[in-house]
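Residue numbers start from 1 in every chain, and the chains themselves are labelled A, B, ... in the order their sequence lines are given, proteins ahead of strands.
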2 protein chains.
Amino acid sequence: MKAYLIQMLKEIALLGAIRDKIEISSIELSNQIDTSQQTASRYLLELDKKGMITRELGIKKQLIQITDLGKTTLQEEHLQYQQIFELTNRIYISGKVVSGIGEGSYYTEQINYIKQFQEKLKFKPFPGTLNIEIKHIEKNKIRLVKKYNAILINEFKNNNRTFGGVKCFHAKIENIKGAIVLPIRSHYSNILEFISPYFLRKKLKLKDGDFVKIIIFLKN
Amino acid sequence: MKAYLIQMLKEIALLGAIRDKIEISSIELSNQIDTSQQTASRYLLELDKKGMITRELGIKKQLIQITDLGKTTLQEEHLQYQQIFELTNRIYISGKVVSGIGEGSYYTEQINYIKQFQEKLKFKPFPGTLNIEIKHIEKNKIRLVKKYNAILINEFKNNNRTFGGVKCFHAKIENIKGAIVLPIRSHYSNILEFISPYFLRKKLKLKDGDFVKIIIFLKN
DNA sequence: ATTACTAGTAAGCGAGTAT
DNA sequence: TATACTCGCTTACTAGTAA
């Protein structure tokens, strides 16, 4: 979504086009966003094409209303500004259950990890992680979480292999306690790994594609 | 301010650059906003030039922090989204006292207006209006206010002249009660007219250029 | 590794204007 | 009145690469 289209959509929303149809001409909109009538017209066409607004062209002006898709787009923007200015000590993320590549199980079976989890998180993790695919927009939240003081699980060597350190945060998934695990050395991924004392797929009757809600607790 | 620069600034803020300096490379930022390294670099140069961010270029990556100006810019965006999704029954506007062209006094001395003000607003306005110049960004709020059910003051004729109808909203200026007056037939102006039972310039010791805070009360 | 310049290409803009 | 097309001009983009 181009930045100028979001700006235009926001202007239309400020005029009240989320609740009602608003009557406005392209020239009025062009004055509002300080551009030409032609550009305002083009923006409206683009927003219409993307399904962000509906239009009823009359002989004079046009009736414009923002669609659910358009509203969702603006809400995602709003969420980002809330994160910037209104952040509290909890972060809410929703995502979709997906199958991992089996690495999670391997990791959570390492005795050195298990010891640290028990000591620092106060629970013994069930072998394996539950992988949650989060929306692109929500990746911002993960980046932000990473800035906070995490519970650190140190790296260690086992025979010839090095197991990297991870950052953990206490979290809940559908109200079941556990933690999220973020590898220290990794790019921002859209997969969140959740560990818990329970076999979550069974306890929560989860299958791939199910949507779940996660709350991450930040320490400070 | 170009839309893409605000978007970039928001992304940097999401990484925590309002509180602290963050260490990030142009290529990491380019991945985040889905563009090339060169474009991300150019955006940073533009933001720096506008005084929105400060940068410390090292041999590797760069330390970026958002300036007060940058923060203010983002807060204005945030305010707009709050207006869209969190609107309550009060609207807060700040502005600067300016001198009008003397028309306000003429209007508020018309007996027909005075009668209506007394009946509908429950106070007798002091002759003249206090003119408040609002920032461009705040004009959105006025547009929104206009969508609400106002207290209507009807138009009337006096000899050969027609006095147009106005919309009023109960309001407070620096905690002194009164009302704002919006001409029904007018384009969106950046001047807000405030009426009150008192001579506000004296009561509040106001002179041109002073900043004041206004609260507008919406009926529903 | 980085940042950011150059230059060629693509996208966006708005005056004029058809509808 | 409107909206929105064409087209010449400007701005923005990125591959290549210097520093």
**Fill in**
Atom CG of A:D48 and atom C1' of D:dT3 are separated, to the nearest Å, by 13 Å
**Prompt:** What nucleic acid atoms does A:L57 come within less than 4.0 Å of, heavy atoms only: base, sugar-phosphate, or nothing?
**Reply:** sugar-phosphate
**Item:** Atom-to-atom span, CG of A:L29 to C1' of D:dT3 - whole angstrom
**Value:** 13 Å
**Item:** Shortest non-hydrogen contact between B:Q65 and B:I18, atoms and distance
**Value:** NE2-O, 3.7 Å
**Prompt:** Whole Å only: how far is the CD atom of A:E23 from the P atom of D:dA2?
**Reply:** 11 Å
**Interatomic distance, B:I33 CD1 vs D:dA12 P [rounded to whole Å]** = 14 Å
**Request:** Please find the earliest and latest nucleotides of DNA chain C, in the 5' to 3' direction, that have an atom within less than 4.0 Å of any heavy atom of chain B.
**Result:** C:dT2 to C:dC5
**Request:** Describe the nucleic acid contact of A:S26 in one word from base, sugar-phosphate, nothing, applying a heavy-atom distance below 4.0 Å.
**Result:** sugar-phosphate
**Prompt:** Roughly how far, to the nearest 0.5 Å, is the CD1 atom of A:I64 from the CG atom of A:D48?
**Reply:** 9.0 Å
**Request:** Specify the separation, in whole Å, of atom CD1 of A:I27 and atom P of D:dT3.
**Result:** 8 Å
**Asked** Taking OP1 and OP2 of D:dA2, is either one under 4.0 Å from a side-chain nitrogen or oxygen of A:Q62?
**Response** no
**Request:** Any chance you could lay out the side-chain contact (heavy atoms from CB on, under 4.5 Å) test for A:Y4 and A:Y43, step after step, and finish with the verdict?
**Result:** CA-CA 8 Å; A:Y4 62 76; A:Y43 284 3; 3.2 Å; yes
**From CG (B:L9) to CG (B:L74), nearest 0.5 Å** = 4.0 Å
**A:H78 NE2 to A:K71 NZ distance, which is reported to the nearest 0.5 Å** = 12.0 Å
**Request:** To the nearest Å, give me how far apart CG (B:L5) and C1' (D:dT11) are.
**Result:** 13 Å
**Prompt:** What is the nucleic acid contact for A:S41, judged by heavy atoms within less than 4.0 Å: base, sugar-phosphate only, or nothing?
**Reply:** base
**Prompt:** If you fit an axis to the five pairs at each end of the helix from C:dT2-D:dA19 to C:dT19-D:dA2, how big is the angle between those two axes, to 10 degrees?
**Reply:** 40°
**Prompt:** Atom CG of A:L47 to atom C1' of D:dT3: distance rounded to whole Å?
**Reply:** 16 Å
**Request:** Search all heavy atoms of A:F194 against all heavy atoms of A:K172 and return the closest pair with its distance.
**Result:** CZ-C, 3.8 Å
**Request:** Could you check whether A:Q37 gets within reach of a base, just the sugar-phosphate, or nothing at all, counting any heavy atom under 4.0 Å?
**Result:** base
**Prompt:** side-chain contact (heavy atoms from CB on, under 4.5 Å) between B:N112 and B:Q116: does it pass, once the steps are laid out?
**Reply:** CA-CA 6 Å; B:N112 211 318; B:Q116 289 191 64; 3.8 Å; yes
**Message:** Using side-chain contact (heavy atoms from CB on, under 4.5 Å), reason through B:L29 and B:M8 one step at a time and then give a plain yes or no.
**Reply:** CA-CA 9 Å; B:L29 277 171; B:M8 179 73 156; 3.8 Å; yes
**Item:** For the student: nearest non-hydrogen atoms of B:I151 and B:K120, plus distance
**Value:** CG2-CB, 3.7 Å
**Prompt:** In whole angstrom, what separates A:Q38's CD from D:dA2's C1'?
**Reply:** 13 Å
